[in-house]
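Remarks on the structure that follows.
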Amino acid sequence: MKPALPGVLAINGGSSSIRFTIYEVGSLRPRLHGKIDRIGLPGANLIVTNPTGKSQPACPVPAANHSAAVAFLLKWLESQPIFASIHAVGHRVVHGMKHSHPTRITPGLLAELRRIVPYDPDHLPHEIALIEAFAQRHPKLPQVACFDTAFHRTMPPVAKLLPIPRRYAARGVERYGFHGLSYAYLMEELRRLHPRAAQGRVILAHLGNGASLAAVHRGKSVDTSMGFTPAAGLVMSTRTGDLDPGIVYYLARVEKMSAAKFQQMVNHESGLLGVSGTSSDLRDLLARKKDSHAVAAVDLFCYQARKWIGSFAAALGGLDTLVFSAGIGENSSIIRKRICHDLDFLGIKLDPKRNAKNAPLISTNGSPVKVRVIRTDEEQMIARSVTRLLNLNSIRRPRS
Ligand code: AMP
């Protein structure tokens with residue numbers, strides 16, 4: 001059999017799902033992609049997609065909890081012939097505090113990640129478990145942490161500072177921003193396709209289940225809507241986005257709500273789901289045209305996204321390019337139209353036909369602001385980062 005080309009494995013581990021892709025070093029073409037879904041819920045399964053994009057039938061996974069899912073995934077990967085070709089593993093790590101670049105995982109970095117768990121208790125423990133599992137079974141395989149916060153380390157102090165007593169800033173309580181792998185990928189795509197635009201004033205709108213916007217100037221993040229945690233900013237599928245801090249005391253006092261219950265509500269029971277009372281999925285809500293709560297949830301999402309665009313245009317001192325991305329941003333012409341409605345005063349003029357087709361450029365030819373749709377790919381960004389950091393392109397190809 002012809003030996004497989006050297007590969008890099010990119011892992012994007014969340015609390016209820018783990019996505020992975022094996023890329024060929026050099027071309028960074030995906031060779032195998034998969035996802036374990038519904039971890040901790042009945043009906044957890046693994047769906048694998050081959051390089052042609054064809055999915056195999058879903059395979060049930062004994063994933064009563066995250067560690068069972070990780071153990072299953074490792075065994076399954078090891079049983080695949082392509083696994084032997086893997087030269088390195090890259091992980092999406094949601095929180096990296098002050099780290100501004102992808103970093104090779106050492107015992108020291110792992111200890112640091114364990115120390116900063118209190119800053120991101122929802123994501124870091126799962127990511128650490130994945131890293132530890134690979135380190136235990138494959139100690140020689142280099143692993144790299146690709147931080148979602150890294151892209152925003154260039155934000156100026158005024159965008160990082162939280163208006164609470166100074167002593168907390170010294171303990172690392174500041175605005176970090178997230179979705180950095182997606183933003184880094186979008187900026188690389190913009191630079192590749194439109195190098196001059198990438199040097200200008202850009203707003204990136206990553207609108208998926210998690211949703212945020214970033215203001216970018218001369219290729220560097222200057223502000224973003226998420227903050228100390230990913231719960232901040234724009235209203236999301238189940239997260240509140242920004243909330244009046246006075247609500248905390250009201251709920252604690254009047255409703256006797258505990259901190260843990262508040263955390264659960266803010267992250268998992270609010271946003272589009274909380275407002276509509278029926279669904280966190282924007283497609284479902286758009287279909288419920290006669291349900292006033294569903295309509296209100298969609299209105300709120302579009303209204304807030306418009307406000308963030310206006311606010312970031314002010315932060316940037318004007319705007320040259322607006323990029324829509326992620327599930328909603330890439331696919332929903334209705335939402336893009338509603339967000340951009342009446343933003344002519346900022347120079348944003350959508351072309352209805354281009355918008356309806358999800359075209360790469362959806363603004364009119366005369367629009368002062370170019371509005372673009374770019375498909376994001378966080379796993380591809382992980383693979384690129386690992387390849388660059390470990391200089392994997394210098395690996396010699398195996399002989400056939
Ligand atoms: P993501 O987290 O990037 O996978 O995005 C998920 C969100 O994108 C969900 O709210 C979906 O309803 C939404 N979405 C995906 N496709 C469409 C579409 N064609 N129209 C509207 N929303 C969509």
Side-chain angles (χ1 to χ4, degrees), residues 10-21 33-39 47 49 53 55 92 94 122-123 148 178-186 189 204-214 224-226 230-231 233-241 267-289 291 293-305 323-341 350 352 354-360 362 372-382:
I11 298 202
N12 188 345
S15 47
S16 64
S17 70
I18 305 173
R19 300 158 66 96
F20 59 91
T21 307
H33 169 75
K35 178 175 172 181
I36 296 186
D37 246 342
R38 299 180 59 84
I39 297 172
I47 298 172
T49 314
S55 292
R92 175 181 180 210
V94 170
D122 274 355
H123 300 99
D148 243 351
F178 299 86
H179 282 148
L181 294 175
S182 173
Y183 291 139
Y185 179 85
L186 295 175
E189 283 303 282
L204 304 170
H206 177 111
L207 308 181
N209 282 326
S212 73
L213 295 94
T224 190
S225 59
M226 286 178 171
L234 174 63
V235 59
M236 296 171 232
S237 61
T238 63
R239 297 182 193 139
T240 53
N267 283 287
H268 305 291
E269 299 165 6
S270 298
L272 299 179
L273 175 65
V275 173
S276 70
T278 46
S279 177
S280 62
D281 190 293
L282 201 88
R283 265 172 304 192
D284 291 350
L285 299 176
L286 283 170
R288 296 201 173 101
K289 293 193 173 61
D291 173 344
H293 291 172
V295 169
V298 176
D299 285 350
L300 185 62
F301 183 81
C302 298
Y303 175 65
Q304 287 200 0
V323 176
F324 282 102
S325 193
I328 299 168
E330 290 163 17
N331 298 303
S332 181
S333 56
I334 300 167
I335 296 297
R336 290 192 303 256
K337 180 178 154 194
R338 291 187 53 186
I339 290 173
C340 294
H341 179 67
L350 283 199
R354 290 174 181 168
N355 186 39
K357 282 195 270 185
N358 300 327
I362 57 170
R372 302 187 184 279
V373 176
I374 304 182
R375 195 160 293 280
T376 195
D377 192 339
E378 290 161 316
E379 281 144 52
Q380 170 78 219
M381 194 62 227
I382 294 172

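As the structure is a computational prediction, the values presented were derived from the model and not from experiment. Note that ligands are numbered from 1 as they come in the structure, with each ligand's atoms numbered from 1 the same way. All values below come from the heavy atoms of this structure, side chains included, with hydrogens, waters and symmetry mates left out.
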What is the nearest protein non-hydrogen atom to [atom], stated with its residue, atom name and distance?
atom                    : answer
atom 12 (O) of ligand 1 : D281 OD1, 2.5 Å
atom 22 (N) of ligand 1 : R283 CG, 3.6 Å
atom 13 (C) of ligand 1 : I328 CG1, 3.6 Å
atom 15 (C) of ligand 1 : G327 O, 3.5 Å
atom 10 (O) of ligand 1 : L282 N, 3.0 Å

Under 3.5 Å, is there a donor-acceptor pair between the S212 and Y183 side chains? yes
Report yes or no: do R239 and N209 form a side-chain donor-acceptor pair below 3.5 Å? no
Determine whether M236 and M226 satisfy the following criterion, side-chain contact (heavy atoms from CB on, under 4.5 Å), listing intermediate values before the conclusion. CA-CA 11 Å; M236 296 171 232; M226 286 178 171; 3.7 Å; yes
Residue [X] vicinity, atoms of ligand 1 by number, heavy atom under 4.0 Å:
X    : answer
A326 : 3 (O)
N209 : 1 (P), 2 (O), 5 (O), 6 (C), 7 (C), 9 (C), 10 (O)
G208 : 1 (P), 2 (O), 3 (O), 5 (O)

Run L272 and L282 through side-chain contact (heavy atoms from CB on, under 4.5 Å) and show every step you take. CA-CA 8 Å; L272 299 179; L282 201 88; 3.6 Å; yes
Just to be sure I'm reading this right: ignoring hydrogens, which of N331, I334, T376 gets closest to atom 18 (C) of ligand 1? Compare them by their nearest heavy atoms. N331
Any N or O of L207 closer than 3.5 Å to N or O of ligand 1: no
